[in-house]
Amino acid sequence: MFEMVVPRRAYFLSASLLLPSRIEPVMRAAEVPFRRIQPADLLEIRAAGGILLLDLDIGVEEARAIIRQLRDDPAPVWRVCVIGSHVDREGLQAMREAGADRIVSRSHFVTHMQVIINELVMGCA
């Protein structure tokens with residue numbers, strides 16, 4: 001049986017400057033190269049595959065477009081985890097419909113970051 005392997009690299013797309021500093025040590029401990037990116041960087045990394053942590057602070061429509069762009073070409077394997085406000089139920093639902101692998105509230109992500117990242121790295125999002 002063929003098992004889908006997630007490339008061991010991770011990217012974070014967000015307007016937040018604080019959250020990457022909290023994510024980076026967890027990724028380093030998991031031995032996963034980690035980089036904060038901007039939407040313009042997607043062209044460069046799209047073919048690489050990996051883990052994308054996508055913060056809804058960039059906007060629901062932009063996030064939806066990014067997920068669709070990554071899902072259009074199934075060749076590179078992407079695990080997409082969307083992080084958003086727990087009160088933005090419509091935005092979180094839109095991310096489910098767009099095909100995100102995992103959707104978590106910001107507070108849940110921060111509290112359970114180690115477990116969530118490990119699950120994404122292992123491919124069981």
Side-chain angles (χ1 to χ4, degrees):
M1 181 196 259
F2 180 75
E3 184 176 323
M4 197 160 44
V5 177
V6 177
R8 294 181 50 87
R9 70 191 83 197
Y11 306 94
F12 181 62
L13 202 157
S14 173
S16 171
L17 299 177
L18 180 61
L19 203 48
S21 65
R22 298 180 82 178
I23 297 169
E24 189 169 15
V26 178
M27 289 294 185
R28 194 173 349 169
E31 299 180 352
V32 176
F34 174 72
R35 177 175 135 197
R36 183 173 182 264
I37 62 168
Q38 300 297 319
D41 297 323
L42 286 170
L43 288 174
E44 173 191 334
I45 67 165
R46 184 175 173 187
I51 298 166
L52 177 63
L53 302 172
L54 183 60
D55 196 329
L56 267 184
D57 67 357
I58 68 167
V60 172
E61 290 309 314
E62 186 167 358
R64 183 188 339 249
I66 288 167
I67 293 170
R68 286 185 179 154
Q69 180 182 9
L70 295 178
R71 297 296 184 230
D72 280 349
D73 183 5
V77 177
W78 280 97
R79 289 278 180 219
V80 179
C81 177
V82 174
I83 304 161
S85 170
H86 70 282
V87 297
D88 185 7
R89 295 182 193 276
E90 290 178 15
L92 297 175
Q93 181 59 36
M95 297 303 97
R96 277 184 195 84
E97 292 167 3
D101 296 293
R102 184 147 190 190
I103 297 101
V104 295
S105 70
R106 196 169 283 102
S107 60
H108 182 82
F109 180 79
V110 169
T111 303
H112 302 285
M113 186 181 311
Q114 181 78 45
V115 171
I116 293 168
I117 287 174
N118 286 338
E119 289 173 353
L120 289 166
V121 169
M122 299 305 287
C124 46

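- What you find for Val60 and Ala94 is that their closest heavy atoms are CG1-CB, 3.9 Å.
- The line from CZ of Phe12 to CE of Met27 is 9.5 Å long, rounded to the nearest 0.5 Å.
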* Asked: Under the side-chain contact (heavy atoms from CB on, under 4.5 Å) criterion, do Gln93 and Arg96 qualify, and how do the steps go?
  -> CA-CA 5 Å; Gln93 181 59 36; Arg96 277 184 195 84; 3.7 Å; yes
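- The side-chain heavy atoms of Val32 and Val26, taken from C-beta on, include no pair separated by under 4.5 Å.
- With Asp41 contributing its side chain and Gln38 its backbone, the two residues share a donor-acceptor pair below 3.5 Å.
- In this structure, Asp101 contributes its side chain and Cys81 its backbone to no donor-acceptor pair below 3.5 Å.
- Once rounded to the nearest 0.5 Å, the distance linking CD of Gln69 with CD of Glu62 reads 10.0 Å.
- Contact check for Ile116 versus Phe109: side-chain heavy atoms found under the 4.5 Å cut-off.
- At least one side-chain heavy atom of Arg35 sits less than 4.5 Å from a side-chain heavy atom of Ile45.
- Summarising the geometry of Ser85 relative to Arg106, their closest heavy-atom pair is N-NH1, 3.8 Å, with the distance given to 0.1 Å.
- Side-chain contact check for Ile51 versus Arg9: every heavy-atom pair is 4.5 Å or farther apart.
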Which atom pairs, donor and acceptor, lie under 3.5 Å between side-chain atoms of residues 13-23 and protein residues at least two apart or in another chain?
unit_1	atom_1	unit_2	atom_2	d
Ser14	OG	Ser16	N	2.8
Ser14	OG	Asp55	OD2	3.2
Ser14	OG	Asp57	OD1	3.4
Ser14	OG	Asp57	OD2	3.0
Ser16	OG	Leu18	N	3.3
Ser16	OG	Leu19	N	3.1
Ser21	OG	Leu18	O	2.6

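- Looking at Ile83 and Leu56, their side chains never come closer than 4.5 Å, going by heavy atoms from C-beta outward.
- Side-chain atoms of Arg102 and Val82, non-hydrogen and from C-beta on, never get closer than 4.5 Å to each other.
- Here the CD-NE2 distance, from Glu119 to His112, works out to 10.5 Å after rounding to the nearest 0.5 Å.
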* Could you go through the side-chain contact (heavy atoms from CB on, under 4.5 Å) check for Leu92 and Val104 one step at a time? => CA-CA 8 Å; Leu92 297 175; Val104 295; over 6 Å; no
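- Residues Leu52 and Arg79 have side chains not in contact (no heavy-atom distance under 4.5 Å, counting atoms from C-beta outward).
- Atom-to-atom distance recorded for Ile103:CD1 and His108:NE2 is 12.0 Å, nearest 0.5 angstrom.
- Inter-residue side-chain proximity for Arg71 and Trp78 is flagged as met; some heavy-atom pair is nearer than 4.5 Å.
- For the atom pair CD1 (Ile117) and CE (Met122), the distance works out to 14.0 Å, reported to the nearest 0.5 Å.
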